[in-house]
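All values below come from the heavy atoms of this structure, side chains included, with hydrogens, waters and symmetry mates left out. First the proteins, then the strands, lettered A, B, ... as listed; each starts at 1.
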There are 2 protein chains.
Amino acid sequence: MATIRDVAKLAGVSVATVSRVINKSGYVNKETEQSVQQAIKMLNYEPNKVARGLASKKTETIALIMPDISNPFFAELARAVEDVARTYGYTVLICNSDNESDKEQTYINVLKKRYVDGILFATHSLQAADISAMNDAGIPLVILDRAPAEASCYVVRSKNYEGAKLAVRHLLDAGCKKIAHIYGPQDTATGKERMLGYEDSVRHFDWFSPSLMVPGHFRINGGMDAVEELMARHPDVDGIFAGNDLMALGAMKKLKQMGLSVPDQVALCGFDGIELTVITEPELTTIAQPIYDIGALSTRLLVKKIEGVAVDNQIYEFDVELIARGSSRKDMKTP
Amino acid sequence: MATIRDVAKLAGVSVATVSRVINKSGYVNKETEQSVQQAIKMLNYEPNKVARGLASKKTETIALIMPDISNPFFAELARAVEDVARTYGYTVLICNSDNESDKEQTYINVLKKRYVDGILFATHSLQAADISAMNDAGIPLVILDRAPAEASCYVVRSKNYEGAKLAVRHLLDAGCKKIAHIYGPQDTATGKERMLGYEDSVRHFDWFSPSLMVPGHFRINGGMDAVEELMARHPDVDGIFAGNDLMALGAMKKLKQMGLSVPDQVALCGFDGIELTVITEPELTTIAQPIYDIGALSTRLLVKKIEGVAVDNQIYEFDVELIARGSSRKDMKTP
DNA sequence: GTGAAAGCGCTAACAG
DNA sequence: CTGTTAGCGCTTTCAC
């Protein structure tokens, strides 16, 4: 591989000039630039990223720290992140935190030693203290799914609260008389806000009881277990709003196993809009977030921040959308 | 951040000695080592990976090039890769090729400029020429799902042919009288070998016809379309072996939409064993590969190769396992 | 406009 | 066993 020195020699200039040409920094005479470009072409020269990283402390690398890439939500997100990062010439490192903050700390530490340019956090174990520590360390970050207030950095999120209300209203419209909620971890903004949206929508009904809310840990199995407990407590539940699609998928499965038909006996609505919501029969009604767009915007923001481009808001909030499908079409069956 | 020079100064030794200590290379007196360690602790020193990368041309980074991380199979694989890589102190870069060889070439080029230590290929657009080019360039690689013969480097794969035979036999045992196959891309070893396994299992039956084989492109939609075409051609098909789980999931969906019951009217078997095979009702019967183990072993092999440790075989072939579930339990319903 | 030179932080001969 | 020194390939003052 040719080095900058080879190019300089061939073009009959100094390495500084070559550097100026490839970085478009500083003035350089049209003609000399031409000959440098020619030399570059001749030698098929491409700057070494590692050397550049050491000298400039910029590696054109970003890291995506998330709980688990094998969770379809994060896999879809990661795809968007990588797509956008690539268009900017950035490369992406993946980190699975399992939401354990020590793992996360270890990653952060490693990433610093690697001169990673910025970090995209899609995990909730990150503490406010960590955020300001990163800020102090001067390492740009963008955080997903934080509460609006917590922002001392860019936050990209969806309207969880409104989405939850949308879900409940939809189930009511579909004719549900008693709606339960399977909730996600309450130390996450998503879990908390979606639950609050549910509560605020139903607390005034006389059928409401706090025991209609059951945890499901955002996982398929969690959804299954939750349904079991729920139907034991309240056999008359005829609608369930799950805090994410995986739990809703688990719920659907368990309901069918219990011989309860979806949506006729129990209508179901999830949250997120992952692609797999269409593989069940009936398909899963869900409150969809624009997952790809979220990943894409987050990455774009991160890159802007890294490159020192000013961006207006600190918080970007996406609208969510009800996608009504078979799992909640009670109305169509009861004319 | 402290540098190696700071440590050397504090410990009263040269940077070379510090380097020896942190790399455990060469001899160094117990006592000096102690004081170096102490200085390291005092300063909270951690070697800078970028500088080390430039000097040694080893970055402790590997890349995973695959078609698409949002495909659950690859997401599960990526999780395993990252887990194992981390235990060795390696970091993983993700690359989505969409099986387009120009994207792949671009990645390879970028990865070289970044001194990536090794590459794990889980994509089939890589040509034999590329493989030897990489070999010549001295960059270690491990390839997934190649044919045994193609190996001029480490190959990790599963018994696709045998698995396909297993699938067909299982469907026959379940009472199927006419079994179709939805096949994956024929430029992939997996697609090809699984189809061959199917053909060799059924070609001697008088009901067999090549029109029982329909392409599904390894995708959900492909599986759906395939079923539509298949049932139009052969309404009496009562068993389908799909070349992967996503197509099988699509097939199940379409069958239900067409009012055909699974498994009673059509039994179904997929291939891969992704986690999502359990979310449908009935659950999907599948020929499971040990996806996590495959990713884990591949990574381990790659790291060994990078670190110059001798490993015996060039080809590692995993057994597959029939997981018989609801989608093929015809027998249980017809006593 | 351009070049010389001093690093970035670490590794790896080569002496001693 | 340990220190000196010359890079790795590039960026970036600072003169000219």
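B:Ser125 and B:Glu104 are linked by a side-chain donor-acceptor pair at a separation below 3.5 angstrom, with hydrogens and angles left out of the test. For the residue pair A:His124 / A:Asn99, a side-chain donor-acceptor distance below 3.5 Å is found, with atom types taken as modelled.
Under the rule for a side-chain hydrogen bond (donor to acceptor under 3.5 Å, both in side chains), A:Gln38 has no partner lying at least two apart in sequence or in another chain. For B:Lys113, the side chain to side chain contact (heavy atoms under 4.5 Å, CB included) test picks out A:Glu46, A:Lys49, with sequence neighbours left out. Partners of A:Thr32 under the side-chain hydrogen bond (donor to acceptor under 3.5 Å, both in side chains) rule, at least two apart in sequence or in another chain, do not exist in this structure. Judged as a side-chain hydrogen bond (donor to acceptor under 3.5 Å, both in side chains), and not counting sequence neighbours, the contacts of B:Glu317 are B:Arg157. The side-chain hydrogen bond (donor to acceptor under 3.5 Å, both in side chains) check on B:Lys57 picks up B:Tyr115, with sequence neighbours excluded. With sequence neighbours excluded, no residue forms a salt bridge (charged side-chain N to carboxylate O under 4.0 Å, His left out) with B:Asp117.
Phosphate proximity of C:dG3 to A:Ser14: present, with a side-chain N or O under 4.0 Å from OP1 or OP2. The shortest distance between the side-chain N/O atoms of A:Tyr115 and the OP1/OP2 oxygens of C:dC10 is not below 4.0 Å. Considering only side-chain N and O atoms, B:Arg52 lies nowhere under 4.0 angstrom from the phosphate OP1 or OP2 of C:dG9.
The separation between A:Arg5 atom CZ and C:dA6 atom C1' is 13 Å, rounded to whole Å. What separates CE of B:Met1 from C1' of C:dC8 is a distance of 14 Å, to the nearest Å. Summarising the geometry, the separation between CD1 on A:Ile4 and P on C:dG3 is reported as 12 Å, rounded to the nearest angstrom.
Shown for residues 19-32 of chain B: residues whose heavy atoms fall under 4.0 angstrom of DNA chain D, namely B:Arg20, B:Tyr27, B:Val28, B:Asn29, B:Thr32.
For the helix from C:dG1-D:dC16 to C:dG16-D:dC1, the rotation axes defined at the first and last 5 base pairs enclose an angle of 40°, given to the nearest 10°.
Of the residues near DNA chain D, B:Lys57 and B:Val13, the one whose nearest nucleotide (by heavy atom distance) lies more toward the 5' end is B:Val13.
Note that the first and last nucleotides of DNA chain D, 5' to 3', having any atom under 4.0 angstrom from a heavy atom of chain B are D:dC1 to D:dG9.
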For residues 87-95 of chain A, which side-chain donor-acceptor pairs fall under 3.5 Å, sequence neighbours excluded?
unit_1: A:Thr87; atom_1: OG1; unit_2: A:Val84; atom_2: O; d: 2.6
unit_1: A:Tyr90; atom_1: OH; unit_2: A:Glu307; atom_2: OE2; d: 3.1
unit_1: A:Thr91; atom_1: OG1; unit_2: B:Arg114; atom_2: NE; d: 3.3

Identify each donor-acceptor pair in which a side-chain atom of residues 131-140 of chain A lies under 3.5 Å from a protein atom, sequence neighbours left out, and give them as a table.
unit_1: A:Ser132; atom_1: OG; unit_2: A:Ala128; atom_2: O; d: 3.4
unit_1: A:Ser132; atom_1: OG; unit_2: A:Ala129; atom_2: O; d: 3.1
unit_1: A:Asn135; atom_1: ND2; unit_2: A:Ser152; atom_2: O; d: 3.0

Mind listing the side-chain donor-acceptor pairs of residues 292-304 of chain B below 3.5 Å, one per line with the distance, residues two or more places apart or on another chain?
unit_1: B:Tyr292; atom_1: OH; unit_2: B:Asp83; atom_2: OD2; d: 2.5
unit_1: B:Ser298; atom_1: OG; unit_2: B:Ile294; atom_2: O; d: 2.6
unit_1: B:Thr299; atom_1: OG1; unit_2: B:Gly295; atom_2: O; d: 2.7

